[in-house]
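Please read the structure below before turning to the comments.
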Amino acid sequence: MGRDTIADIITSIRNADMDRKRVVRIASTNITENIIKILLREGFIENARKHRENNKSFLVLTLRHRRNRKKPYRKRNVLNLKRISRPGLRIYSNYQRIPRILGGMGVVILSTSRGIMTDREARLERIGGEILCYIW
């Protein structure tokens, strides 16, 4: 049985953000690197660097520092990530039906024939694909 690497990175980032950790280490794959590039570009992650240890590649992510970190956990201060398409149920969409998260404030990450991209880029290029996850 295979592993769902996208769900693994989403869960790792969400758990680290809820636990107020600044640094997260995740396994490095091509899909993971592309998703992390989007998260960097959209401002959800502060920094990412590649690290090798015992012939294995890892990505070390620095999460963006959010306000009110000293206060107890609150839902609104948490980085929200949700896996949509999964190995047991793939969800596809054409460019006209790509959902808008929070009226365009959130980001939908899609896997298209031209690579992994955001919902805005897919609408501009007028291509659809598999909806990987929502981030808001």
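What's counted below: heavy atoms across the whole structure, side chains too, no hydrogens, waters or symmetry copies.
For K50, the salt bridge (charged side-chain N to carboxylate O under 4.0 Å, His left out) partners are E33, not counting sequence neighbours. Applying the side-chain contact (heavy atoms from CB on, under 4.5 Å) rule to I127 yields the partners T112, R114, M117, E125; only residues at least two apart in sequence or on another chain are considered. Scanning for side chain to side chain donor-acceptor pair (under 3.5 Å) contacts around D8 gives R3, with sequence neighbours left out. Listed by chain and residue number, T29 satisfy the side chain to side chain donor-acceptor pair (under 3.5 Å) test with T32 (two or more places apart in sequence, or in another chain). Checked against side chain to side chain donor-acceptor pair (under 3.5 Å), S93 has no partners two or more places apart in sequence or in another chain. For T11, the side-chain contact (heavy atoms from CB on, under 4.5 Å) partners two or more places apart in sequence, or in a different chain, are R14, N15. In this view, I13 and I36, L39, I45, L61, L63, L79, L81 satisfy the side-chain contact (heavy atoms from CB on, under 4.5 Å) rule, not counting sequence neighbours. Under the rule for a side chain to side chain donor-acceptor pair (under 3.5 Å), the partners of R52 that lie at least two apart in sequence or sit in another chain are S57.
Side-chain contact between D119 and P99 is absent, with no heavy atoms from C-beta onward closer than 4.5 Å. At least one side-chain heavy atom of E53 sits less than 4.5 Å from a side-chain heavy atom of F58.
When hydrophobic side chains of Ile, Leu, Val, Met, Phe, Trp and Tyr are connected at separations under 4.5 Å, V23 ends up clustered with V60.
One finds the OH atom of Y134 at 4.5 Å from the CD1 atom of I101 (value rounded to the nearest 0.5 Å). Here the CG-CZ distance, from L40 to R64, works out to 12.0 Å after rounding to the nearest 0.5 Å. With rounding to the nearest 0.5 Å, the separation of CD1 in I116 from SG in C133 is 9.0 Å. Atom CD1 of I35 is separated from atom OG1 of T5 by 7.0 Å, given to the nearest 0.5 angstrom. Summarising the geometry, atom CD1 belonging to I26 is positioned 5.0 Å from atom CD1 belonging to I9; distances are rounded to the nearest 0.5 Å. With rounding to the nearest 0.5 angstrom, the CD1 atom of I38 is 8.0 Å from the CD1 atom of I135.
Judged as a side-chain hydrogen bond (donor to acceptor under 3.5 Å, both in side chains), the pairs with a partner in residues 95-109 (not counting sequence neighbours) are, in order, Y95-R126. Applying the side-chain hydrogen bond (donor to acceptor under 3.5 Å, both in side chains) rule to pairs touching residues 83-92 yields D4-R83, S85-E130, R90-E130, sequence neighbours excluded. Residue pairs meeting the salt bridge (charged side-chain N to carboxylate O under 4.0 Å, His left out) criterion with at least one partner in residues 37-46, sequence neighbours excluded, are R22-E46, R41-E121, E42-R120.
Under the 4.5 Å side-chain heavy-atom criterion for grouping Ile, Leu, Val, Met, Phe, Trp and Tyr, M105 is connected to I131 within one hydrophobic cluster. Note on W136 and I84: same hydrophobic cluster, where clusters join Ile, Leu, Val, Met, Phe, Trp and Tyr whose side-chain heavy atoms are under 4.5 Å apart, directly or indirectly.
Here the closest non-hydrogen pair linking L110 and G129 is CD2-O, 4.0 Å. When every heavy atom of A122 is checked against every heavy atom of I98, the shortest pair comes out as CB-CD1, 3.8 Å.
Counting heavy atoms of neighbouring residues, nucleotides and ligands inside a 6.0 Å radius, atom CG of D19 exceeds 12 of them.
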